[in-house]
Amino acid sequence: MSWRNTQQRMIEELNTKIFVNDPCRKIHEEYSSMDIENSNYIQELKNRERYGPHDFDGSLIEKKKYNFLINQGKVLDKIPGYVCRFNDSSYWAWNLKKIPEPIWYEKMLPDNTYFGNNTFIPKMIGDLKLKDATKLL
């Protein structure tokens with residue numbers, strides 16, 4: 001399934017089960033670090049189809065995405081969020097405004113996951129722990 005289809009399915013599931021009274025809408029920039037927004041949140045969506053939430057005690061976030069969400073949250077006066085769907089169909093969310101900033105480190109990761117590119121590049125990333133997340137579904 002393409003990222004666009006997966007993302008749309010995630011938005012529909014979140015809107016029918018979590019954001020019923022304030023549905024999220026997709027941001028139209030193709031490669032934006034902010035995927036969805038509603039009146040309270042700006043959020044990046046991730047589909048971690050290869051692992052579950054407990055495999056790594058959470059997820060990771062790229063520093064540039066973290067910085068973008070934090071800055072846009074301030075500009076738009078919205079809560080910056082990071083939402084992951086894992087392979088067990090659970091959704092976990094991090095309110096980036098309320099958790100400690102991750103400790104950043106460099107790791108070789110695919111340039112991008114959904115376009116079949118096997119080129120690895122160094123990325124600055126940080127870990128997001130489950131203890132700091134809210135299980136949405």
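Residue indices begin at 1 and follow the sequence shown.
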Taking side chain as C-beta onward, heavy atoms only, is [X] less than 4.5 Å from [Y]?
{"X": "Leu14", "Y": "Leu136", "result": "yes"}
{"X": "Arg9", "Y": "Asn5", "result": "no"}
{"X": "Tyr91", "Y": "Val83", "result": "yes"}
{"X": "Lys46", "Y": "Glu44", "result": "yes"}
{"X": "Asn87", "Y": "Arg50", "result": "no"}

*asked:* Under the rule for ring-ring contact (aromatic ring centres under 6.0 Å, His included), what residues qualify as partners of Tyr66, not counting sequence neighbours?
replied: Trp104
_Can you list everything that forms a ring-ring contact (aromatic ring centres under 6.0 Å, His included) with Tyr41? Sequence neighbours excluded, please._
Phe19
Going by side chain to side chain contact (heavy atoms under 4.5 Å, CB included), name the residues that satisfy it together with [X], two or more places apart in sequence or in a different chain.
{"X": "Lys98", "answer": "Asn95"}
{"X": "Ile99", "answer": "Trp94, Leu96, Leu128, Asp132"}
{"X": "Phe56", "answer": "Tyr51"}

_Partners passing salt bridge (Lys or Arg N to Asp or Glu O under 4.0 Å) against Glu101 (at least two apart in sequence or in another chain)_ = none
Where do [X] and [Y] come nearest, in terms of heavy atoms and distance?
{"X": "Gly58", "Y": "Leu130", "result": "N-CG, 3.7 Å"}
{"X": "Ile42", "Y": "Leu69", "result": "CD1-O, 3.4 Å"}
{"X": "Gly126", "Y": "Pro102", "result": "CA-CB, 3.7 Å"}
{"X": "Glu106", "Y": "Pro122", "result": "CD-CB, 3.5 Å"}

*Pairwise salt bridge (Lys or Arg N to Asp or Glu O under 4.0 Å) hits with a residue in residues 74-89, at least two apart*: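 Qualifying pairs, neighbours excluded: Glu37-Lys78.
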_Quick test of your reading: applying salt bridge (Lys or Arg N to Asp or Glu O under 4.0 Å), list the pairs with at least one residue in residues 16-25, sequence neighbours left out, ordered by first then second residue._
Glu13-Lys17
*Residues clustering with Tyr105 (ILVMFWY side chains joined when closer than 4.5 Å, directly or via others)*: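 The other cluster members (ILVMFWY side chains, heavy atoms under 4.5 Å, direct or chained) are Leu60, Leu109, Ile125.
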*Does the Ser90 side chain pair with the main chain of Phe86, one donor and one acceptor, at a distance under 3.5 Å?*
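Judged by distance alone, no pair lies under 3.5 Å.
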*In terms of heavy-atom contacts, does NZ of Lys97 have more than 12 from other residues, nucleotides or ligands at under 6.0 Å?*
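No, NZ of Lys97 has 12 or fewer neighbouring heavy atoms, counting only those of other groups under 6.0 Å.
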